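Written below as structure tokens is the structure these notes are about.
Computed over heavy atoms, backbone and side chain alike; hydrogens, waters and symmetry mates excluded. Every value quoted in this text rests on a predicted model; they were computed, and no experiment measured them. Numbers here are sequence positions counted from 1.
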Amino acid sequence: MPGRVTHERLMREALHLAEENVQDGGGPFGAVVAKDGDLLARGANRVTPAADPTAHAEIVAIRRACQALDDFSLDGCALYASCEPCPMCLGAVYWARLDALYYAATQDDAARAGFDDAFIYDELATPPTERQLRTEHMMAEKGKRPFETWRAHEGRVEY
């Protein structure tokens, strides 16, 4: 695990990216991925410039780190984010199998600046048929077929 000075250096980099990104037309979020204390990838929020709602700093950094390692797993890595990750980014952190997550600002700090994700957390806790977004479960039996195909495929890569 990186030492205290390394933690601070990596978090400072995430915070610097966040501030710099505002001047470059993006959102106030930055993230870096490190392995063994070495910076592996950087990311900044590019949602509006890229017209991509998934271009959050953490997602960008995770994608770049995976490319750098040529692996979908970031086992042994840590993510440093300028702000507590939103639900989408937190999910990506878990899917990427990062060992650790460090953040500076909280989701409450983000909400005060106009980036409020509380409604998503609320929606996730609501049964699908009661969500604000029209959600229907359909073709359940046919929906199982891709999983059956996956289980039967000898060349599959487990993840």
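Taking all atoms of both residues into account, the shortest heavy-atom contact from M88 to T54 is CE-CA, 3.8 Å. Residues L10 and A34 come closest through the heavy atom pair CD1-CB, 3.6 Å.
Two different hydrophobic clusters hold V33 and L39 under the rule that ILVMFWY side chains link at heavy-atom gaps under 4.5 Å. Both V32 and M11 are members of a single hydrophobic cluster when ILVMFWY side chains are connected at heavy-atom separations under 4.5 Å. Residues L79 and L40 are members of one and the same hydrophobic cluster, defined by side-chain heavy-atom contacts under 4.5 angstrom among Ile, Leu, Val, Met, Phe, Trp and Tyr. The cluster map of Ile, Leu, Val, Met, Phe, Trp and Tyr, joined by side-chain heavy atoms under 4.5 Å apart, puts L90 and L98 in the same cluster. Taken together through direct or relayed side-chain contacts under 4.5 Å among Ile, Leu, Val, Met, Phe, Trp and Tyr, L15 and L17 form part of one hydrophobic cluster.
A donor-acceptor contact shorter than 3.5 Å links the side chain of S82 to the backbone of G30. Not a single donor-acceptor pair under 3.5 Å links the side chain of N21 to the backbone N or O of A44. Using modelled atom types, one side-chain atom of R97 and one backbone atom of Y159 make a donor-acceptor pair closer than 3.5 Å. Looking at E58, its side chain never comes within 3.5 Å of a backbone N or O of C89 through a donor-acceptor pair.
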Compile the donor-acceptor pairs under 3.5 Å between side chains in residues 113-129 and protein atoms, sequence neighbours left out, one pair per line.
| from | atom 1 | to | atom 2 | distance (Å) |
| --- | --- | --- | --- | --- |
| D116 | OD1 | A118 | N | 2.9 |
| E123 | OE1 | Q132 | N | 2.9 |
| E123 | OE2 | Q132 | N | 3.4 |
| T126 | OG1 | D122 | O | 2.8 |

Output side-chain donor-acceptor pairs under 3.5 Å for residues 59-76, partner residues at least two apart or in another chain, one line each.
| from | atom 1 | to | atom 2 | distance (Å) |
| --- | --- | --- | --- | --- |
| R64 | NH1 | R42 | O | 3.0 |
| D71 | OD1 | S73 | N | 3.1 |
| S73 | OG | D75 | N | 3.3 |

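Here E13 does not pair with R9 in a salt bridge; the nearest charged N to carboxylate O distance is not below 4.0 Å. Look at R156 and E154 and you find no salt bridge, because none of the NZ, NE, NH1 or NH2 atoms lies under 4.0 Å from a carboxylate O. The residues K35 and D38 are annotated as not salt-bridged, no charged nitrogen and carboxylate oxygen being separated by less than 4.0 angstrom.
Within the 4.5 Å cutoff, no side-chain heavy atoms of E19 are placed close to those of P28.
Side-chain contact, D108 with T106: no donor N or O sits under 3.5 Å from an acceptor N or O.
With values rounded to the nearest 0.5 angstrom, T135 atom OG1 is found 12.5 Å from M138 atom CE. Here the NZ-CE distance, from K144 to M139, works out to 13.0 Å after rounding to the nearest 0.5 Å. A distance of 13.5 Å separates CZ in R46 from CZ in F29, rounded to the nearest 0.5 Å.
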E20 vs Q23, side chain to side chain contact (heavy atoms under 4.5 Å, CB included): CA-CA, chis, key distance, verdict: CA-CA 5 Å; E20 186 178 69; Q23 302 305 318; 5.8 Å; no

Verdict with reasoning, H7 to Y102, per ring-ring contact (aromatic ring centres under 6.0 Å, His included): CA-CA 9 Å; H7 278 305; Y102 304 97; 4.6 Å; yes

